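These numbers come from a predicted model, not from an experiment.
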Amino acid sequence: MEFIWILCAFICGLSMKMINMPPLIGFLVAGFFLNYLGVEPSASLDTLANVGITLMLFCIGLKLHVKDLLKPEIWVSALSHKALWSLIIASCSLFFVTLQLPYFSQLDFTTALIIAFALSFSSTVCVMKLLEDAGEMKTRHGQIALGILVMQDIVAVVFLVFATGKIPTLWAILLFGLIFLKPVLSQLLTRVGHGEMLPLAGLFFAFGGYELFYLVGVKGDLGALIMGVLLASHAKAAELNKALMNFKDIFLIGFFLSIGFTALPTLNMLGISVLLSIFLIFKFFLFFLIFTRLRLRGRTAFLTALSMSNYSEFGLIVAALSVNNGWLSKEWLVILALSVSFSFVVTSLLYKNAHKLYLRHKKSIKSYESEHCLDEDNLVQPKDIRILVIGLGRVGRGAFEVLHQTLNEQVAGMDADKKRIHKMLSNGENVFFGDGEDADVWEKMDTRSIELVLLALPAIEDSSNITLQLRKSGYIGKIAAIARYQDERSELLSSGIDNVFNFYTEAGTGFAEESLQLIGLSNSTEQTLRQS
C-alpha cells in the first residue's frame, strides 16, 4: 500500500472518529478524495481489497452453523425480500423513465430489473463491520443478519454463473468431498498450537479454500466461507477468528478506498444516487414487515432490518458485468458506486444509535409483533438468584465460575450467544439466553432478588446501555462492570455503574472478588475466593 493511501485513510478515519462517527466513513471519503486529486489506483489496492473480503468471509464461516440457514426466518426472508424488492424497484425505475429523469430514460424493464437486483443485496463488509464493532455478531439479530448475507452470497454465485456464462467444471462435484476432509482439517488446526502458526493457518485455510473453488470455476470467496464453516465447530474457532481480526481490518481498508476510485461523479449522477439512497427507507420497512410476519420479535426485526438497510459492493460487480455486456451505460457503474457509499454512511450513523431508536419508538415497533412469537425468542429465567453475570466470555466465565463455587445456584449467567448458552446448559450450569441491551428482557425479568449485576462486556457503550435499562426497569441493586482502558473507567462510573474493574490488571477471579464487596460478602468469602 502506497504511503499516500495510508496517510489519507488515517487522516479521514481519525477525523470521523473524533466527531464520533465510524472510521469506515472516513475511508470512503479518502478514496473519493484521492480520486479527485488524480491519484491512480494500482493493482495492489485491488489485491488488498480482495484479501480483506476473503478473510472476512472466512471469519464469517467460523461463526456460522449450516442448520441456521434452514430456519424460515433466514431463507424465506432472504429470498422473499430479494424477489419483492427487485419487482417493486424495477417498477419504480420504469416510472422514472416516464418522468424523463437523467440516465433512467435509456432503461427498459430488463435493465431496470438488473439495477433493482443489484441494489437488493446488503453489504457483507458493512454489516459485519457494524456488528463486530458493536459486539453483536452472536446476538439473535446478528446471527439472522449473518444467515441472510450467506443466502445472498449463494444467490450471487448463481447469478455470476448465468451472467458470465462460466459454468463450473465437472471437477466442482468433488467439492462436496470437503465434508469428509473435515476431520483432517480439524487435526491440522489442533496441531498448529497457539503462537504465530495460528494466524498463518488461518491464512492457509482461507486462501486454500478460495483457490480450490476458483480452480473449478466457482466463486473463490464462497470457498473461503465454506472453509470457515467446516472449522466452525472446532474448539479453536473463536481463537482463530481473534488471531485474524487485525489482518482482516487492515486489508478491508483497501476495499473501502477502492470504492472511491470507481469514477468521479457529475451533479446528475450525485442526484440520482441520492434518490436511490432514499429507497433505503423502503428496504428497511420491507425487511421489517417480512421479519415480523415470520414471527420475530419487534426488537429483533427492527435491529436486523436496520443493519441490512444498505447496498452491497456486489451491486458494483453486477453493474460492471452489465456494462461489459452492453446492457447498461458506464455512468450507472458510477451511480451505483455512489449509492453504495452513501448507504454505508447512512447505515453506520443509524446503527450507532439503533438501541436508542428502538427505545424511542418501542411502542410502535412492538405493535407489529405477532401474537405468538417464535419459541426461540422466549425468555427463560432462573429463580431466586442473588448475582447475575451478563456476558460469559473469558472474563465473565471466570467470574461466574468463582462466584458459583461460593454461592452455588444463587449465581446465574446470561449471554446473547445461543451456542455458548446451549453448551453451558448441557453441562448443567445455571445460565440462560438473553440480550442485556434488550429492554423487553428487563421488563419481563423479576429482578427483586438480585443484589448484584456484573457486566462482563467488552464495549463500554453496551455496559452503559444495560445500566440504563436496568435502572429504568426498577432495579435497585449494585452494578459492576469491566473496562479495558483506564480512560473508560470514568465514563462507566458516570453512567451509574457502582464499580469498574480493569481486566488488564486482574482476571475474572479478581473481578468477582472485588465486586462482592459491593454487597458485603467480601469478608466471609475472601478466603474461599483466594483458594480457588
TODO: Not counting sequence neighbours, list each pair that qualifies as a salt bridge (charged side-chain N to carboxylate O under 4.0 Å, His left out) and has a residue in residues 324-353.
DONE: none
Distance-only check: which donor-acceptor pairs under 3.5 Å involve side-chain atoms of residues 270-280, not counting sequence neighbours?
from: Ser273; atom 1: OG; to: Met269; atom 2: O; distance (Å): 3.2
from: Ser273; atom 1: OG; to: Leu270; atom 2: O; distance (Å): 2.8
from: Ser277; atom 1: OG; to: Ser273; atom 2: O; distance (Å): 2.8

Open item on the list: Please enumerate all residues that pass ring-ring contact (aromatic ring centres under 6.0 Å, His included) together with Phe104, with sequence neighbours excluded.
Closed with: Phe96, Trp332
Task: ring-ring contact (aromatic ring centres under 6.0 Å, His included) partners for Tyr368, two or more places apart - done: Phe288
- [ ] Please identify each residue that fulfils salt bridge (Lys or Arg N to Asp or Glu O under 4.0 Å) with Asp438, with sequence neighbours left out.
- [x] Arg297, Arg299
- [ ] Scan residues 205-232 for pairs that pass ring-ring contact (aromatic ring centres under 6.0 Å, His included), counting only residues two or more places apart or in two chains.
- [x] none
Task: Where at least one partner belongs to residues 112-133, residue pairs that pass ring-ring contact (aromatic ring centres under 6.0 Å, His included), sequence neighbours excluded - done: Phe117-Phe121, Phe117-Phe159, Phe121-Phe314
Open item on the list: Can you list everything that forms a side-chain contact (heavy atoms from CB on, under 4.5 Å) with Ser464? Sequence neighbours excluded, please.
Closed with: Leu492, Ser495
- [ ] Taking side-chain contact (heavy atoms from CB on, under 4.5 Å) as the test, write out the residues that go with Ile173, two or more places apart.
- [x] none
Open item on the list: For residues 236-245, which residue pairs pass the side-chain hydrogen bond (donor to acceptor under 3.5 Å, both in side chains) check, not counting sequence neighbours?
Closed with: His194-Glu239
Open item on the list: Taking side-chain hydrogen bond (donor to acceptor under 3.5 Å, both in side chains) as the cut-off, I'd like each qualifying pair that reaches into residues 86-114, sequence neighbours left out, listed once.
Closed with: Gln106-Ser329, Asp108-Thr111
Open item on the list: If the condition is side chain to side chain donor-acceptor pair (under 3.5 Å), which residues does Glu73 pass it with, not counting sequence neighbours?
Closed with: Arg140
